[in-house]
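For reference, the structure is listed below as structure tokens.
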Amino acid sequence: MRETAAATDDWPVEQQEWVEALDDILRQRGAEAARDLLTQLERHLSSRGLVITGAALNTPYRNTIDLRDQPAYPGDIDLETRIGNIIRWNAVAMVLQAYDSGSGVGGHIATYLSAATMMEVGFNHIFRGSEQGAGDAPFGGDQVHFQAHTAPGVYARAFLEGRLSAAQLANFRRELAPEGGLPSYPHPRRMPAFWQMPSASMGLSTPSAIYQARFAKYLESRGLKTRDGAKIWTFIGDGESDEPEVLGTINIASRERLDNLVLLINCNLQRLDGPVRGNGKIIQELERAFRGADWHVIKVIWGSGWDPLLDRDVDGILERRMEQAVDGDYQMYTVSPGDVVREHWVEDTPALRELMQSLSDEEIRSIKRGGQDHKKVYAALHHAARVEGKPCVILFKTVKGEGLGPGTEGSNTVHQKKYLNVDERRDLARRLGIPLAIADIDRAAFYRPPEDSEELAYLRARRAELGGYLPRREVRCRPIEPPPLALFREMLEGSTREVSTTALVVRMLSRLLRDKAISRYIVPIVPDEARTFGMDGLFPQAGIYSPAGQRYRPVDAGTIAPYREAEDGQILQEGICETGAMASFMAAGTAYANHGLPMIPFYIFYSMFGLQRVGDMIWACGDMLCKGFLLGGTSGRTTLNGEGVQHQDGHSHLLAATVPNLCSFDPAFGYEIALIVRDGIRRMYSAQEDVFYYLTVTNQPYAMPAMPEGVEMGVLAGMYCFEREADARINLFGSGAIMTEVREAAQLLRARGHAVNIFSVTSYNELVREALAAERRSLHAPSGADEPYVRRLLGAERGVFIAASDYMKTLPLQISPWVPGPYVVLGTDGFGLSEARPNLRDYFEVSAPWIAYAALVALGRTLADPVAVAALDAAGFAVANALDLAKVDPAGNGRG
Ligand SMILES: Cc1ncc(C[n+]2csc(CCOP(=O)(O)OP(=O)(O)O)c2C)c(N)n1
Ligand SMILES: [Mg+2]
């Protein structure tokens, strides 16, 4: 366990000489020179074949901020401790009351107990509300995002602040209680005036925060927001940092010099099941990762109790021991008595034993970790608030469940501790100094000091000085007018020239970017796919946002669409990072609440890499009341030809259906897109409805019809009659690019004497949503039955109904209950494959011949004549041939 002895006797002397020489340089020539020298030495070593890795990225396992640089604490620590203890008690009491209620709703106490000091110091001295600076330059306020499992602590503080009632606290996790309750975790959807960002899905708050910070800079660069210095403070867990979204997105923060961002990592060394890194040190590991990514890293490891010892540790024995111990050891120290800790700590090092002599066993046990020491926490937050040119991360070392006492705090099971027996309750209340009667302690009653108490006065004064209470979500955004439909005239008029819906949506974006009234709010977002969608034409017009501008001459400088980067660029080019692009969408789509600006994101991506790749973030959009347009480009399992299994999306609409406020559309024609997008802007930004949009667009070019008369309402509702023929007994439903096959099928059938109606279904999901709502209304008020729209639309139609979709059959099948006749659904179930478009459509049985054939089969069956049906079945292949549908194979031959 101990390091090997020095190679030679005079080695320590030599080492000392080197250190002194370096000190001389530092004194006489300054820090820059010392750094230069070390760089030179490192280069020299590397020329000798010795590369120093890792070490260069790690600093010693000590606090980054030296005691001498520690600012004086600006508050009354005793009083803050008393307030903090009351908040701790109430946070624990919430969970205990929820437990005692027998409702089985659960709760967590250990996470908050580890984070309480960090959060309280921030609330009392650092985090600024939006009321600060009122009257002078507008200040939007800091955004503070919390670890989800610390929510009880945030509620308990709001209770002291008078923002939440005792009844609400008592109904933690019982939101349906008549007096109101509180959601488990930060959910803006459930508390839209309180929480700003959901964080319960581990890992997502980091990219969310990074891109919130970047978007704030983007708004500043574009002159839409003043540079008010507001910060984004985001707490995450050390276990959480294993989620790939965390370390996977930190590079962008340094590249874009996001000095408005501070990440606070609560390193309590534990996750749910046990240690985060029993055999290593999570703090050192994270330091390497963040320093490697060029963040400013502040470590807060040791509490003030260690300062005198570290000061006397001139030979570095204590520091060496601190380096040697792994997190598993540190966790063990938390749960062990002082004498055991001492023995393990000093082991066979007499000098260390002597150094530690000045501390009693109890002191050794109770010395706080840095993240639970007011002064150390304040020093770090104060310093972080002043870092310029870089994002900052603070690695706080804490104890999970701190204060719960021996046997519980730091134990492997502490994450799920949600019950304390009577003795434990009394013990905790005593340690926290809660002046409640024993009976009240036993029932975990809340404690709120009198209104005129020193505690409440202090707490209110601190927040008043810092600009008001946090967290707070405030919508101060004025409604805007949607653009006039005339802006999209060419889409309404159609064209004989073949064009894809992807190209049309890009053209639409270009119109919006040129429209004086709305242009400033449009935020085009692309991963590395602009050329795929033909969006490169927007580069010169709108510019690609880059805080550094463009310091080089692009290779295509002389062309009509050069790659133009600009400080005030409007396009967010995200590179190959759907997580980042989605996080940008979230930041832009919540700017109406976070910045009072009605920013309208249009995020266009490969539809396959949307809902299934970043579905959890899209779900979080729903929670955050995020607005905007998600555009799934090159969609459709048979429309995207050639690309195969991992590209051909035939199911994103089913995934979209799972997000309750996501309005999803699979439009076929330009006028449908124009109507849907314009109405989307109206609903989201004029009527300020809480919805967002998903549109699939495709890369198949075809002639676009002009908008038929009177279809507007139907396009938005999800379905309308596109073509009607007298006495039709065949009704075909088409969507997206499969509409081309449906129209061709109608021609085949008409050529054989059948009259056909064609319906364009822009959204099965919207039809179902409306129908279910109507049926529910009918259930609640049976006397005034409510007819679903789809039933009203189709009610008078006769004959058979055939739906063809480029998505799984389940999508059209959803409307079965309201289709008034035999309903046959053709769709693209199964994996995609690499083929040409016509072959794909035959293979998946959604091509025109298949649609026509399915219509005839259905029609045959409705004759209810067994002989005719049998004849049709037997003659299936013949029918196909008669129709010249050579590829139709009713036996299913040819299917893989
Ligand atoms: C994506 C995701 N996976 C798993 C969980 C379940 N979960 C909730 S808290 C937790 C442990 C958190 O540990 P850490 O990040 O270290 O936070 P601590 O409570 O220790 O501060 C887990 C696994 C989750 N909420 N989200
Ligand atoms: Mg942890």
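Excluded from the calculations below are hydrogen atoms, water molecules and symmetry mates; all remaining heavy atoms, backbone and side chain alike, are included. Both ligands and their constituent atoms are indexed starting at 1 by order of listing.
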Would you say Val276 and ligand 1 have an N/O pair spaced under 3.5 Å apart?
no
Nearest to the Mg ion (ligand 2) - the N/O/S atom of Asp238, by atom name
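Minimum-distance N/O/S atom of Asp238 relative to the Mg ion (ligand 2) is OD1.
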Nearest-option assignment for [atom], heavy atoms, candidates [options]:
atom: atom 24 (C) of ligand 1; options: Glu245, Gln147, Met202, Arg271; answer: Met202
atom: atom 10 (C) of ligand 1; options: Gln416, Gln270, His108, His415; answer: His415
atom: atom 3 (N) of ligand 1; options: Lys400, Glu243, His149, Glu240; answer: Glu243

Got a sec: is Gln270 within less than 2.8 Å of the Mg ion (ligand 2) via an N/O/S atom?
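A backbone or side-chain N, O or S atom of Gln270 is under 2.8 Å from the Mg ion (ligand 2).
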Thr111 near the Mg ion (ligand 2): N/O/S under 2.8 Å
no
Any donor-acceptor N or O pair under 3.5 Å, side chains Asn268, Thr398:
no
Ignoring hydrogens and geometry beyond distance, is a side-chain donor-acceptor pair present between Ser607 and Asp649 at under 3.5 Å?
yes
Using the rule side-chain contact (heavy atoms from CB on, under 4.5 Å), only one of Ile394, Asn63, Leu395 pairs with Ile298; which is it?
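Running side-chain contact (heavy atoms from CB on, under 4.5 Å) over Ile394, Asn63, Leu395 with Ile298 returns exactly one hit, Ile394.
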Salt bridge (charged side-chain N to carboxylate O under 4.0 Å, His left out) partner of Glu424, the single match among Lys417, Arg431, Arg430:
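For Glu424, the salt bridge (charged side-chain N to carboxylate O under 4.0 Å, His left out) check succeeds only for Lys417.
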May I ask you to identify the nearest protein heavy atom to atom 22 (C) of ligand 1, giving residue, atom name and distance to one decimal place in Å?
Leu272 CD1, 3.8 Å
What closest approach, in Å, do Cys621 and Met582 show between heavy atoms, and which atom pair accounts for it?
SG-CE, 3.5 Å
